[in-house]
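First up is the structure itself, then whatever we jot down about it.
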Protein chains: 2
Amino acid sequence: MVKIVNINKDAGNLAERAYEEIKRRIFDFILMPGDRLSESDLAQQIEVSRTPLRQALQQLQHEGFVEALPKVGWLIRPLDFEKFDELYDFRILIECFAARELCTTVKDRSALRTLALIWSVPAAERLQDAMKVSALDEAFHQTIVESTGNREMMRTHREITERIRIIRRLDFTKDNRVTATYDEHAVILVALQGGRPDEAQQLLTSHIEISKREVRQITLDMLQRARKREPLAGQN
Amino acid sequence: MVKIVNINKDAGNLAERAYEEIKRRIFDFILMPGDRLSESDLAQQIEVSRTPLRQALQQLQHEGFVEALPKVGWLIRPLDFEKFDELYDFRILIECFAARELCTTVKDRSALRTLALIWSVPAAERLQDAMKVSALDEAFHQTIVESTGNREMMRTHREITERIRIIRRLDFTKDNRVTATYDEHAVILVALQGGRPDEAQQLLTSHIEISKREVRQITLDMLQRARKREPLAGQN
DNA sequence: ACTCGCCTTGTTGTATACTACATAGTATCC
DNA sequence: GGATACTATGTAGTATACAACAAGGCGAGT
């Protein structure tokens with residue numbers, strides 16, 4: 001009897017694989033904002049059937065990356081900087097709350113020491129690799145939020161992180177922005193360890209606000225270059 | 001030629017209909033927390049095929065009402081009061097931020113006047129119907145959050161509202177809780193209209209905290225009664 | 001009597017066929 | 001020549017068949 005083997009490369013199910021693959025293509029601007037696409041086309045490209053593909057698309061729709069046009073097709077949502085601004089502001093609210101909790105009610109400060117080992121280091125020990133710094137930056141802010149112990153806030157904060165990553169990561173492609181991030185994280189940690197909530201909140205707010213502004217400009221440049229290089233990058 | 005007509009009762013698509021129907025059954029405790037269910041059974045009951053049903057279940061999974069047990073089936077998630085507490089705390093954070101915005105930076109105060117017409121009324125004009133008061137209560141808090149203009153905070157707040165509605169609505173089945181809600185909303189509105197952010201935040205916080213505590217007890221009673229009445233309410 | 005392994009049954013995961021529908025292109029009529 | 005109706009084509013929405021898999025029952029062997 002012939003056994004048909006499931007040759008899933010990464011995940012146990014095709015839906016997840018499709019999800020990761022589509023997201024990758026969006027992040028790499030292979031699927032450009034504004035592109036239209038049909039389920040059958042994409043299914044063929046990714047080599048899954050429509051069923052798991054639609055599952056993936058629905059997930060991505062919920063996360064705001066794609067939009068369903070009923071009976072017509074799917075659309076890669078254009079980058080909406082107003083929305084990113086609002087997500088950054090939301091981050092500020094959640095992280096400032098977490099910072100206050102850390103200073104006032106949270107007992108276990110060990111997480112702060114761990115963060116200091118990463119961020120409060122001499123210039124020579126600082127990392128440069130954009131992807132690594134980006135991941136560490138996300139971890140830094142996530143760790144602060146974790147201190148609240150509120151899983152719902154953590155969840156929402158994680159979702160925000162997922163949604164802004166597409167532009168946020170570009171921040172670390174500039175050396176001076178990496179330097180600034182190290183500096184700012186260091187002083188934030190000092191304020192948190194010193195138990196000074198107002199100062200920590202103020203530093204955190206301006207840290208995120210600066211990033212918000214920088215990232216917008218960097219992204220606009222990046223987009224223009226991507227468009228010039230491959231004006232018809234998306235299929236059909 | 002025979003034309004097969006789509007007899008969708010409510011929505012344009014079956015997935016949405018399935019979603020509403022399942023949610024209704026969960027809210028009515030026809031599907032009890034802890035119940036296991038299979039897609040084929042439920043599909044037959046709701047009279048849709050598995051495809052739109054799964055779409056509905058995935059949506060409900062994202063909202064935390066059901067849980068997918070891969071290769072095994074679906075589970076109606078038990079009511080988790082710790083989670084509800086965290087959602088209430090999250091509400092407090094968002095609504096307090098909105099209240100501050102309302103007092104300090106928002107120009108257009110007309111929404112507050114509209115709310116006052118509903119909540120700041122003589123006892124004789126107060127509504128009693130639990131469903132109506134519940135809807136008005138949700139609208140009250142939503143309106144405050146809308147004042148921020150931050151659509152992401154609004155969205156998250158709306159999701160929180162959806163997720164806690166299953167227990168929150170029970171709050172208004174008790175007359176004294178309706179009375180308390182009217183009283184508390186009225187004083188909150190006064191503080192907001194007076195532009196006193198600290199007072200508004202303090203009132204809002206205690207208002208939500210009280211509700212959190214009351215609702216927990218009411219729900220536990222309700223659940224016990226539901227369990228006694230129909231110990232095997234779920235199918236199979 | 002107990003344990004181990006096979007096999008039956010029920011479940012989701014996936015692929016695919018088919019329906020209803022939207023859209024655009026074309027031919028026809030005025 | 002312009003507007004309009006019709007038709008061809010491609011799309012998502014839906015139903016369903018089948019494969020892969022999990023789990024538990026049941027029997028055989030000890």
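Just so it is clear: chains get the letters A, B, ... in the order the sequence lines come, proteins before strands, and each one is counted from 1.
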In this structure, how many angstroms lie between the [atom2] atom of [N] and the [atom1] atom of [X], rounded?
X	N	atom1	atom2	result
Leu57(B)	dG13(C)	CG	C1'	14 Å
Asn13(A)	dA15(C)	CG	P	11 Å
Arg54(A)	dA15(D)	CZ	C1'	12 Å
Lys71(A)	dC18(C)	NZ	C1'	12 Å
Leu53(B)	dA15(D)	CG	P	10 Å
Gln61(B)	dT12(C)	CD	P	13 Å
Trp74(B)	dT11(C)	CH2	C1'	13 Å
Leu75(B)	dT12(C)	CG	P	12 Å

Subject >> Test side chain to side chain contact (heavy atoms under 4.5 Å, CB included) applied to Arg177(A) and Val215(A), Ile210(A), Leu170(A), the passing residue >> reply: Ile210(A)
Subject >> Options dT11(D), dT11(C), dA15(C), nucleotide nearest the side-chain atoms of Ser38(A) >> reply: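 So the side chain of Ser38(A) is nearest to dT11(D).
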**OP:** Among dG13(D), dG13(C), dA22(C), find the nucleotide with the atom closest to the side chain of Val72(A).
**Re:** dA22(C)
Subject >> Any N/O donor-acceptor pair, Arg50(B) side-chain to dG13(C) base, under 3.5 Å >> reply: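 Such a pair exists between side chain and base.
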**OP:** With DNA chain C as reference, determine whether Pro52(A) or Pro70(A) sits nearer its 5' end, using the nearest nucleotide of each.
**Re:**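 Closer to the 5' end of DNA chain C: Pro52(A).
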Subject >> Earlier contact from the 5' end, DNA chain C, for Glu39(B) and Val48(A) >> reply: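 So the residue in question is Glu39(B).
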Subject >> Thr156(B) side chain near Phe90(B) side chain, heavy-atom distance below 4.5 Å >> reply: yes
**OP:** Give a yes/no on whether any side-chain N or O of Thr51(B) is located under 4.0 angstrom from OP1 or OP2 of dT14(D).
**Re:**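 Looking at the OP1 and OP2 atoms of dT14(D), neither is under 4.0 Å from any side-chain N or O of Thr51(B).
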Original post:
For the side chain to side chain donor-acceptor pair (under 3.5 Å) test, which of His62(B), Glu63(B), Gln61(B), Gln55(B) pairs with Gln59(B)?
Top reply: Glu63(B)
**OP:** Tell me whether the centres of the aromatic rings in His207(A) and His185(A) are closer together than 6.0 Å.
**Re:** yes
Original post:
Would you call Arg24(B)-Glu20(B) a salt bridge at under 4.0 Å N-O?
Top reply: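 Salt bridge between Arg24(B) and Glu20(B), a charged N being under 4.0 Å from a carboxylate O: no.
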